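Naming convention: chains lettered A, B, ... in sequence-line order (proteins, then strands); numbering from 1 in each chain. The structure displayed is predicted, hence computed values, not measured ones.
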Protein chains: 2
Amino acid sequence: MSEIGSRRRATVHDVARAAGVSLATVDRVLNGRAGVRAATAEKVEAAMLAIGFQRDLSASLLARGRDLQVVFLLPDRSNEFMESLAQAVERRARSAAGERLDLHLRRLRPLDAQALARELDALHPGACDCAVIVGSETPSVLRAVESAQRRGIAVVTLVSDLPGSARRHFIGIDNRAAGRTAASLLGRFCPTGAVAVIAGSLSLRDHQDRLEGFGAVMAAEFPRLELLGPVEGYDEPQQTRSLVEELLARNAGLAGIYNLGAGNAGLVAALTASSPAGAVRVIAHELTPSTRAGLASGCIDVVLDQNPDNEIRQALRAARQSALGGSAKIATDPIEIAVFLRDNLR
Amino acid sequence: MSEIGSRRRATVHDVARAAGVSLATVDRVLNGRAGVRAATAEKVEAAMLAIGFQRDLSASLLARGRDLQVVFLLPDRSNEFMESLAQAVERRARSAAGERLDLHLRRLRPLDAQALARELDALHPGACDCAVIVGSETPSVLRAVESAQRRGIAVVTLVSDLPGSARRHFIGIDNRAAGRTAASLLGRFCPTGAVAVIAGSLSLRDHQDRLEGFGAVMAAEFPRLELLGPVEGYDEPQQTRSLVEELLARNAGLAGIYNLGAGNAGLVAALTASSPAGAVRVIAHELTPSTRAGLASGCIDVVLDQNPDNEIRQALRAARQSALGGSAKIATDPIEIAVFLRDNLR
DNA sequence: CGTGTTTTGAGGTACGTGCCTCATGAGCAA
DNA sequence: TTGCTCATGAGGCACGTACCTCAAAACACG
């Protein structure tokens, strides 16, 4: 790859010649069409490997003549993070036009498994190649996912996985690692005292995972710190605010707070109102207007974030691969756990 | 974008019809060829805007029939980070084949401005569309960059910018923000004592920037901490090791170290040998085998990183845009300052 | 007005793949 | 053998853009 002015790239014609078969047969193998003997298919695949054939995506998409239809099913009126995910989809939809991607966004009632299942069932192949969903782990959703997959619609889970389901791929952070990271930082920040944990709902898998990671590192590395909670704020600003105010009132020596759920507007409001900035070390999740303000004012120390734009980009990569690559396993970059302080805000 | 089964996308034919000109004229405008009156060009551009035309990248690349030639000029035998950048290029080179990108990697003697200038001068358009370089801010390099740009070769700076030059675009982190972040963390980690700064070379712009950011936050927010240094280790493990050993020996109460340069193998060696793990809070740059080991063993607390794969990806985006987009300004995602602890190692 | 130059139009081929039809071959069972 | 199915080959058109040639039209200038 170092020499400049390299030779011509291998095409399907070259594969056909190398395998000693016709173009039609190569095409059938390449696109998983029926009517090819196993022995012949192997011969073709060997030839592709031998001459290093790589399908030209540009030509492939062009020849297909039709754009990849990707439907995003995201919670509506939920929380700021879901809003920024939706915005990332819209941003991407504009530039995606040049890459033969057609993005569609549907917002659904948060935590309404029935609604999600209904939307999934309503998708029909031909009008939708891939569905990207944020959903909870309920029987109706699992069934709808399997049904969609069987109809030829690739399902990608976003942010919160459905490990037992038929979903094709998952895009999101390692939430256990996120919890560990929060503990590791909060432990170093707080010399002594008590640390409180606030969750959205422990029935959400990502929240559960974060809690586990946090607890493990706290127990192992910072046994000197007392753990309070977890308490649940159901990702609502009002409830979260009450919880935080109560925590601050009842625990004079509170050293740190880890909010592993959403509802950060309430967290910031309570902190701003009732305590001198900087008295309590605070770690929260997802960079949103609220947490950004919290970082700027100093009442939040660290925000752990999953970059929405990157998540959407990776989801689209997965969608493309599932459409082009047949049944090969999908490869996407892992989503990093971004750590933000006031000083490296993007 | 929400409705499924959307209408056909606009093509050059539609633009021609809408503008009331021929296909040839649209083509001339689109590809910046001569022989079009200003008034006509404006008419065409207005039509493109009106019907929302977006050039089909797939078809465009296919029709061009030739791959985009991108040459990376990176320092050789330099440090682990440059090595991982090079590996990212090679990784990407494999998958880039399907996207009509042809990547070439040249390694040069580190900090040898003459060599870099010579390589740039040797590139000739037609065999190279875009050069991605990591270079220092010297007259010979600046001149070579300008010359390359004039010959029609887009120059993209990577990691370390050349702000005064004719370079087309810069890909890298905000190093001042990185320095601020280091100070913000180290300040929270260290209740009291002295904090030492180690640089590679203060003649490197990125190191200078980090130092400035670090010093600013330290002075403003943590005046209780005494600052030692900066000392220069010239990014070499041996020299860096000696510096650290000396620091540890002379300052019994040393609370923290910020190594804003490379040479981390020496840092880890010195820390492992002479001090009980965890006694000194340490922040370093770039996730490499050395810093990874340091995080795992506990002798490094935090690593600030710029993701090489992402940087290469963005550099290629810039290359593509400079090749296709004419003189429009290049848009890439900013490179985030990644923060790694033992617990969120990827 | 004519002459020369510039701008525009018309139409073609090419890129590599997807997908279609039709013909022919091989293989098998009765 | 005949009749059938299945595997494969041959070839063509399409996708949207790039780039080429040649001719026609519009314009500038004396």
If the cut-off is 4.0 Å, is [X] near the phosphate of [N], judged by side-chain N/O to OP1 or OP2?
{"X": "Thr25(B)", "N": "dT8(C)", "result": "no"}
{"X": "Ser60(A)", "N": "dG18(C)", "result": "yes"}
{"X": "Arg33(A)", "N": "dC19(C)", "result": "yes"}
{"X": "Thr11(B)", "N": "dG16(D)", "result": "no"}
{"X": "Arg55(A)", "N": "dG18(C)", "result": "yes"}
{"X": "Arg64(A)", "N": "dC19(C)", "result": "no"}

Between [options], which nucleotide has the shortest distance from any of its atoms to the side chain of [X]?
{"X": "Asp27(A)", "options": "dC19(C), dT8(D), dG16(C)", "value": "dC19(C)"}
{"X": "Asn31(B)", "options": "dC19(D), dT17(C), dT8(C)", "value": "dC19(D)"}
{"X": "Thr40(A)", "options": "dG9(D), dT8(D), dC19(D)", "value": "dT8(D)"}

Donor-acceptor pair present, Arg28(A) side chain and dG18(C) base, under 3.5 Å =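 There is none.
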Round to a whole Å and report the spacing from CG of Leu30(A) to P of dC19(C).
->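 Result: 11 Å.
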Which is it for Asp161(A) and Arg167(A) under the salt bridge (charged side-chain N to carboxylate O under 4.0 Å, His left out) test, yes or no, and what are the steps along the way?
-> CA-CA 9 Å; Asp161(A) 196 13; Arg167(A) 60 105 176 109; 2.8 Å; yes
Candidate list Arg91(B), Arg313(B), Arg92(B), test salt bridge (Lys or Arg N to Asp or Glu O under 4.0 Å), partner Asp333(A), passing option =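 So the option named by the test is Arg313(B).
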Do Asp27(A) side-chain atoms and Leu23(A) backbone N/O form a donor-acceptor pair below 3.5 Å?
->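 Looks like no, no N/O pair under 3.5 Å.
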From Ile133(A), Leu85(A), Val132(A), residue fulfilling side chain to side chain contact (heavy atoms under 4.5 Å, CB included) relative to Phe72(A) |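 The passing option is Val132(A).
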Start at the 5' end of DNA chain D and walk down; is the nucleotide closest to Val12(B) or to Ser22(A) reached first?
->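 Upstream on the strand: Ser22(A).
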5' priority, DNA chain C, between Leu62(B) and Val26(B) [closest heavy atom] |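 Its nearest nucleotide being more 5', the pick is Val26(B).
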Gly35(B) vs Ala63(B), nearer the 5' end of DNA chain C by closest nucleotide =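 Nearer the 5' end of the strand: Gly35(B).
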